[in-house]
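Heavy atoms only: backbone and side chains are in, while hydrogens, waters and symmetry mates are out. In what follows, every chain begins at residue 1, and chains take the letters A, B, ... in the order their sequences are listed. Worth saying up front: this structure is predicted, and the values here are computed from it rather than measured.
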Number of protein chains: 2
Amino acid sequence: MARPRTYERGEVLDKAMSLFWRLGYEGAHLAALVEHTGLNRFSLYKEFGGKAGLYEAALERFLGYLLGQYREILTRQPLGLENIEAVLRSLQYGSEYYGCFMINTLTQRDTVPEGAYGKALAAGEEIEALYAGNLANALARGQIADGSNVSGLGKMLQTLDQGLHIQGLAGATDAQKDRVISAVMAGLRV
Amino acid sequence: MARPRTYERGEVLDKAMSLFWRLGYEGAHLAALVEHTGLNRFSLYKEFGGKAGLYEAALERFLGYLLGQYREILTRQPLGLENIEAVLRSLQYGSEYYGCFMINTLTQRDTVPEGAYGKALAAGEEIEALYAGNLANALARGQIADGSNVSGLGKMLQTLDQGLHIQGLAGATDAQKDRVISAVMAGLRV
DNA sequence: TCTATAACAGACCGATCATTCTGAAATTCA
DNA sequence: TGAATTTCAGAATGATCGGTCTGTTATAGA
């Protein structure tokens with residue numbers, strides 16, 4: 001009954017994500033978003049309500065990818081150090097982008113749309129909980145020292161994880177990041 | 001022989017820094033910079049050449065502060081773990097800002113003025129070298145395990161340091177960051 | 001094939017961007 | 001005190017911003 005759309009919502013979000021990722025919210029101008037996504041202004045407003053809505057939708061999509069990866073690896077049975085090492089190593093590679101869209105959102109809290117900061121925050125909390133669950137099991141399995149401060153270690157791992165993304169921005173190679181991870185895992189194991 | 005200026009260059013840079021810090025390069029509009037620094041447009045262009053020049057000058061000033069702090073603590077004799085712990089703890093507190101202007105510059109590589117990224121990178125390399133120097137001495141003093149990978153540990157500490165700034169953005173409390181530091185130091189010591 | 005519908009491309013809009021310019025004000029040196 | 005000089009405040013400037021609107025085009029159902 002009507003002209004069919006020439007875009008697919010997911011593809012548009014992926015392309016918008018890559019632009020926001022590189023350029024930030026203010027830096028990704030509407031003209032560039034229109035050109036890069038192929039979605040014309042009219043449809044962009046109809047579908048997402050505007051630039052802010054597009055950013056939030058792109059961020060949600062990214063966080064979905066990200067949490068999917070963390071959940072997949074950090075719920076493998078049995079929970080423990082293997083999962084933690086696997087997730088740290090996996091997340092460093094295979095991305096065509098630098099850094100992390102979630103972290104960029106956090107660092108741009110005051111320029112990013114209203115709801116974005118909270119969404120990034122919530123994702124971070126779930127990731128921390130996933131780390132903590134694996135650490136608790138690692139403790140029960142005797143993989144880490146008796147009396148370890150599990151909650152402190154959980155935040156430590158997340159801190160390191162986030163730091164690795166900054167290291168990537170600062171030009172650290174995969175080999176260097178690998179050595180960082182090895183150093184931390186060595187300190188963790190009994 | 002002429003009307004005296006009503007501003008002091010350093011103060012202007014401090015105020016510009018705080019605005020760029022919070023809002024990023026694109027987000028800090030010239031009108032806001034003029035209002036916040038008290039420096040009028042004419043003088044801003046005469047003194048710094050424009051918005052980009054002001055950003056670079058503010059970043060240089062920030063990196064000067066930052067490196068000054070790192071150098072002061074990480075060159076205390078004798079070099080070793082004490083300095084490392086001291087610098088990690090000191091850098092987390094006492095700032096009225098969130099995050100780190102250097103890290104923000106790295107995450108906004110594609111929107112920030114030409115030379116800014118390189119300046120941030122160079123500062124990071126000096127910091128890493130300072131960590132490495134203290135680790136090498138810690139090894140010689142038997143503070144860390146024989147055969148430790150000093151260069152890997154150095155990058156690990158810098159990674160953690162950067163991660164702590166992101167944790168601050170994500171609302172981590174000083175107590176939580178303290179526990180993260182304690183966990184890492186515990187893993188480091190023999 | 002014709003009509004209703006929704007997406008299309010791109011022109012248009014006021015607001016605001018970084019930058020430049022203009023003229024008044026304040027100071028110094030003669 | 002008066003001329004020279006530099007900063008001051010704020011008014012232009014052209015470009016570009018995010019957002020809106022209009023007329024055209026392509027499809028689906030009748």
Side-chain angles (χ1 to χ4, degrees), chain A residues 1-59 104-105 108-117, chain B residues 1-59 104-105 108 110-116:
Chain A
M1 183 118 111
R3 181 173 179 178
R5 60 182 51 178
T6 59
Y7 64 92
E8 198 276 316
R9 188 185 154 97
E11 288 174 20
V12 166
L13 284 177
D14 284 341
K15 286 173 178 166
M17 180 181 83
S18 84
L19 213 63
F20 280 129
W21 192 331
R22 278 201 310 114
L23 301 173
Y25 179 72
E26 303 235 13
H29 299 157
L30 208 54
L33 286 163
V34 165
E35 186 186 6
H36 196 247
T37 62
L39 180 59
N40 66 81
R41 284 165 127 85
F42 179 91
S43 305
L44 190 154
Y45 275 82
K46 186 162 183 303
E47 181 79 33
F48 302 105
K51 186 180 176 181
L54 180 60
Y55 186 93
E56 295 204 36
L59 176 62
N104 291 3
T105 298
Q108 294 164 39
R109 173 174 186 175
D110 286 345
T111 55
V112 125
E114 198 74 36
Y117 175 77
Chain B
M1 183 124 92
R3 184 175 178 174
R5 61 182 50 177
T6 60
Y7 63 93
E8 199 275 315
R9 187 185 155 99
E11 289 174 19
V12 166
L13 284 177
D14 284 340
K15 287 172 178 167
M17 180 181 83
S18 82
L19 213 64
F20 281 129
W21 192 330
R22 279 202 309 114
L23 303 172
Y25 180 71
E26 302 235 9
H29 299 157
L30 209 57
L33 286 163
V34 165
E35 185 186 7
H36 196 248
T37 61
L39 181 60
N40 67 80
R41 286 165 129 83
F42 180 93
S43 305
L44 191 154
Y45 276 82
K46 188 165 182 298
E47 181 79 33
F48 302 106
K51 186 179 176 180
L54 180 59
Y55 186 93
E56 297 203 36
L59 176 63
N104 291 2
T105 298
Q108 294 164 37
D110 286 345
T111 54
V112 125
E114 196 76 37

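When every heavy atom of A:T111 is checked against every heavy atom of B:L23, the shortest pair comes out as CG2-O, 3.2 Å.
Atom pair A:L54:CG and D:dG18:P shows a separation of 11 Å (rounding to whole Å applied). In this structure, NE2 of A:H29 is placed 11 Å from P of D:dT16, rounded to the nearest angstrom. In this structure, OH of B:Y55 is placed 15 Å from P of C:dT19, rounded to the nearest angstrom. Atom CG of B:L39 and atom P of D:dG10 are 14 Å apart (whole Å). A straight line from CG of B:L30 to P of D:dG10 spans 15 Å, rounded to a whole angstrom. Following rounding to the nearest Å, A:Y45 (OH) and C:dA6 (P) show an atom-to-atom distance of 22 Å. Atoms CD (B:E35) and P (D:dA9) sit 13 Å apart, rounded to a whole Å. Rounded to whole Å, the distance from CG on A:L44 to C1' on C:dG10 is 15 Å.
The side chain of A:N40 approaches C:dA9 more closely than any other nucleotide in the set C:dT20, C:dA9, D:dC17. Checking C:dA7, C:dA18, D:dT7 against the side-chain heavy atoms of B:R5 singles out D:dT7 as nearest.
Side chains of A:Y25 and B:E26: no donor on one and acceptor on the other come within 3.5 Å.
Residue B:S43 has a polar side-chain atom (N or O) positioned under 4.0 Å from OP1 or OP2 of D:dC8. For the OP1/OP2 pair of C:dA7 and a distance below 4.0 Å, the side-chain nitrogens and oxygens of A:T6 include no atom meeting the criterion. A:K46 has a side-chain polar atom (N or O) that falls below the 4.0 Å cut-off from OP1 or OP2 of C:dA7.
Ranked by how close their nearest DNA chain D nucleotide is to the 5' end, B:R41 and A:F42 are led by B:R41.
To the nearest 0.5 angstrom, A:L33 atom CG is 6.0 Å from A:L54 atom CG. Between the CG atom of B:D14 and the CG atom of B:L19 there is a distance of 12.5 Å, given to the nearest 0.5 Å.
When heavy atoms are screened at a 4.0 angstrom cut-off, A:A28 is found touching the sugar-phosphate backbone but no base atom. Residue A:Y7 is classed as a sugar-phosphate contact, given heavy-atom separations below 4.0 Å to backbone atoms only.
The 12-atom threshold is exceeded at CD of B:E8, counting heavy atoms of other residues, nucleotides or ligands nearer than 6.0 Å.
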